[in-house]
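Attaching a single structure in structure tokens format; questions to follow.
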There are 2 protein chains.
Amino acid sequence: MTTDNARLPTLEDVARLAGVSRATVSRVINGIRNVNPELHEVVWNAVNATGYVANRAARSLVTRRTGTIALVVSDSESHDDDPFMSRFFSDPFFGRVVGGLLSALRPAGVQLALQLVGADQARARLVGDLRQGQADGSVVLSLHPGDTLPHLLADAGLPGVVIGRPARPVPLSHVDVANDRGAALAADHLVARGRRRIGMITGPVDVPASVDRVDGFRAAMARHGRSYVPAATGNFTHESGERAMRELLADQPDLDGVFVANDLMAQGALSALHEAGRRVPADVAVVGFDDSSAALAARPQLTTVRQPLEDMAAEAARLLLARVDDPTLDTTSVVFEPMLVLRASS
Amino acid sequence: MTTDNARLPTLEDVARLAGVSRATVSRVINGIRNVNPELHEVVWNAVNATGYVANRAARSLVTRRTGTIALVVSDSESHDDDPFMSRFFSDPFFGRVVGGLLSALRPAGVQLALQLVGADQARARLVGDLRQGQADGSVVLSLHPGDTLPHLLADAGLPGVVIGRPARPVPLSHVDVANDRGAALAADHLVARGRRRIGMITGPVDVPASVDRVDGFRAAMARHGRSYVPAATGNFTHESGERAMRELLADQPDLDGVFVANDLMAQGALSALHEAGRRVPADVAVVGFDDSSAALAARPQLTTVRQPLEDMAAEAARLLLARVDDPTLDTTSVVFEPMLVLRASS
DNA sequence: TCGGGGGCGGAGAGCGCTCTCCGCCCCCGA
DNA sequence: TCGGGGGCGGAGAGCGCTCTCCGCCCCCGA
């Protein structure tokens, strides 16, 4: 507190102490051009002696860089204090993405800022703020298909990378997992386990990741000569998985295997199976998707398709950083391979 | 992309269009002093016409405010890519705190930046960065007792609020839940349910929240005339809860009630009880702590002590904002009341 | 009618950096 | 010995704001 009014050292102070100009200190600190090695040392000594740290605001005023990347969580059309938001934040999904982003951003000395946008006007304001130096670029996490934010960013020429394939094509890079191949792994596994009557619990029909999982699963089952796959639809929540499982059992009482499009629903499905007196995996084998903490918390623990979210987020950060450095870079998309994780439920 | 090189409008542009000086535009935008109402409108029209958004860097260079608050997750002594970190981020705890902070920060137009610190040198660097305008203040989430960061912040005179009571007193405000009273609620409830042989699974012995829960539980049990409470120690993870429950059962085979110091461990305890052939709640009643998503995912769903984390985080943000506005403010601590949430496990 | 006070708006400095431009010096080659 | 080129470091402008200081004008009261 008492030290608060003590003026912090500036470049000027360091320069005076080192006996050189401000420009030279700046060059040394930023590693620009060849500066006489002796001066180099003199300057660093002065920096350490004064405890100098460059002022971010002054630097970014001239460089037009903020050293900040925004993680924008975009929840189409919903209200700001929508319970969905708080549900989302308490979902491990969010934390894994944050952890992955930070792992790539920290070594680059870039800070991560969190942005939520609900209403469309908030989205427009965000774009304005971003253009005016709120952040150098954004990693976008859209919670709903048909979100307009990626398009707004692209139109404004702002660097952005989307996590998960957008519902409509957009001139922005994105990272994703091969949802179709992941679902195929689940299908191959259930068939290999000798299951004959295999069903599926899907996610929302308008979400690309969900659609890809359904398509991938059906295609793989068809390759095994199973053209008919009974299915029930959920919305990726625990409760919806429980309900969908009940529906599926009512329809297909002799079911002996089920692929559930995410772990949370699979956990719900386990409850419904337990309630219906089916043993897992003896009577019904269950395979989830994500390899989230829910898979480990489930009893029995879930066999599931691992989605390397941390790696995906880290890659998104790297793509974004590259684009910030060179805005002429072409957009790309990086698709990660899923992996089947065997546990007790199958 | 093509619009990228188009210079963005500055105060100067708005002033020219409105036919006033830069100072006047600045006054209107920031709502300072009485400006002639007619001019007021002229200026706002010019702002809208140009699409002007104030440049953050320029503004904060002179105001010495960044409009950013840092959420600092401080993991004492651990390495940066410690698995503990990624485990922490995927824990719903983190997301709930973030959601609560954002709910209080957004209305104030303040941005949230994420900072992780592991090694001590990172801690020193962070303090330097913060002093030099990385953020106006920090909300600190210490993952280990004895973390030095709160003290470093206090010594540097930087505004900071700690979530959870620090192990050693520190001249910084903090928010917490009354862990002792929460544990007492659990004790009262188990006794009221007619349980006679009640045990407890505790968290780490050096974490204040854990210690408070143990003390609160023992004190309440003593009030009910139960001076002896068998206990086993865990470390707040699912696995440790499972192991501790097995130990407790081995010690006290006739146990009919157990208080588990967090939901994750309680979920593990349920598995151990199931494995041991005990029915919950018929044979053993189980009460958790936190009311996290694990409580809902558990089967049976957990009776638990609700910790209002979102509210606590929002209050932390408000305390911090107040202190940033007025650094002479006294430090305070706000303690939230816990609440017992009744579900199927008791 | 004249003096004084209050309030509004403009001029201009200054926040702390980076970066361009230029001058000087040194060295090398003819 | 002299000319030219290269490289290092300094001077100074400028990034886009805010804020102090001051002048001017208007109105009111004596």
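Just so it is clear: chains get the letters A, B, ... in the order the sequence lines come, proteins before strands, and each one is counted from 1.
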Legend entry - Side-chain N,O (B/Ser26) to OP1/OP2 (D/dT18) below 4.0 Å: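 Indeed, a polar side-chain atom of B/Ser26 lies that close.
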Inset, instruction - Measure the distance from CZ on A/Arg65 to C1' on C/dC19 and round it to the nearest whole Å. - result: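 Spelled out: CZ on A/Arg65 to C1' on C/dC19 is 15 Å.
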Legend entry - Donor-acceptor contact present, side-chain B/Asp176 to main-chain B/Arg165, <3.5 Å: yes
Legend entry - For DNA chain D, stems built from three or more consecutive Watson-Crick or G-U wobble pairs below 3.5 Å: C:1-30 with D:1-30
Inset, instruction - Any chance you could measure A/Thr66, atom OG1, to A/Arg59, atom CZ, to the nearest 0.5 Å? - result: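 Rounded to the nearest 0.5 Å, the OG1-CZ separation comes out at 12.5 Å.
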Inset, instruction - Just do the side chain to side chain contact (heavy atoms under 4.5 Å, CB included) check on B/Val53 and A/Arg131 with the steps written out, would you? - result: CA-CA 9 Å; B/Val53 179; A/Arg131 294 191 59 172; over 6 Å; no
Inset, instruction - Would you kindly give the CZ-to-P distance between B/Arg59 and C/dG16, to the nearest whole Å? - result: 18 Å
Inset, instruction - Could you check which of C/dT18, C/dG10, D/dT18 has an atom nearest any side-chain atom of B/Arg27? - result: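 Between C/dT18, C/dG10, D/dT18, the one nearest the side chain of B/Arg27 would be C/dG10.
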Inset, instruction - Calculate the interatomic distance between A/His40 atom NE2 and D/dG9 atom C1'; express it in whole Å. - result: 14 Å
Inset, instruction - For B/Thr24 and for A/Pro9, find the nucleotide of DNA chain C with the closest heavy atom, then tell me which residue's nucleotide is more 5'. - result: B/Thr24
Inset, instruction - Quick one: pull up CD in B/Glu12 and OG in B/Ser21 and give me the separation to the nearest 0.5 Å. - result: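 Here the rounded value is 9.5 Å.
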Legend entry - Length of the CG-C1' vector between B/Asn36 and C/dG10, whole Å: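 Result: 15 Å.
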Inset, instruction - Taking all heavy atoms of A/Ala316 and all of A/Ile163, pick out the closest pair and write down the distance. - result: CB-CG1, 4.2 Å
Legend entry - Distance in angstrom units between A/Arg56 CZ and D/dG16 P, rounded: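 The distance from CZ of A/Arg56 to P of D/dG16 comes to 19 Å, rounded to the nearest Å.
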Legend entry - Minimal non-hydrogen separation, B/Ile69 against B/Leu105, with atom names: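 Taking B/Ile69 first and B/Leu105 second, the nearest heavy atoms are CB-CD2, 4.2 Å.
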Review item, nucleotides 12-15 of chain D N/O atoms under 3.5 Å of protein N/O:
unit_1, atom_1, unit_2, atom_2, d
D/dA13, N6, A/Arg22, NH2, 3.1
D/dC15, O3', A/Arg64, NH2, 2.6

Inset, instruction - Would you confirm whether A/Arg168, through its side chain, and A/His151, through its main-chain N or O, come within 3.5 Å as a donor-acceptor pair? - result: no
Legend entry - Test: B/Arg323 and B/Asp136 ion pair at under 4.0 Å: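 Result for this pair is no, no salt bridge flagged.
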Inset, instruction - For B/Ser173 and B/Leu319, work out which heavy atoms get closest and say how close. - result: CB-CD1, 4.4 Å
Inset, instruction - Specify the closest pair of heavy atoms between A/Arg123 and A/Asp147, including all atoms of both residues, with the distance to one decimal. - result: NH1-OD1, 3.1 Å
Legend entry - Salt-bridge present (A/Arg65, A/Asp325; N to O < 4.0 Å): yes
Legend entry - Strand contacts (DNA chain D) in residues 11-20 of chain B, 4.0 angstrom heavy-atom criterion: B/Leu11
Legend entry - Nearest-Å distance for atom pair CD1/C1', residues B/Ile29 and D/dC17: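 Result: 10 Å.
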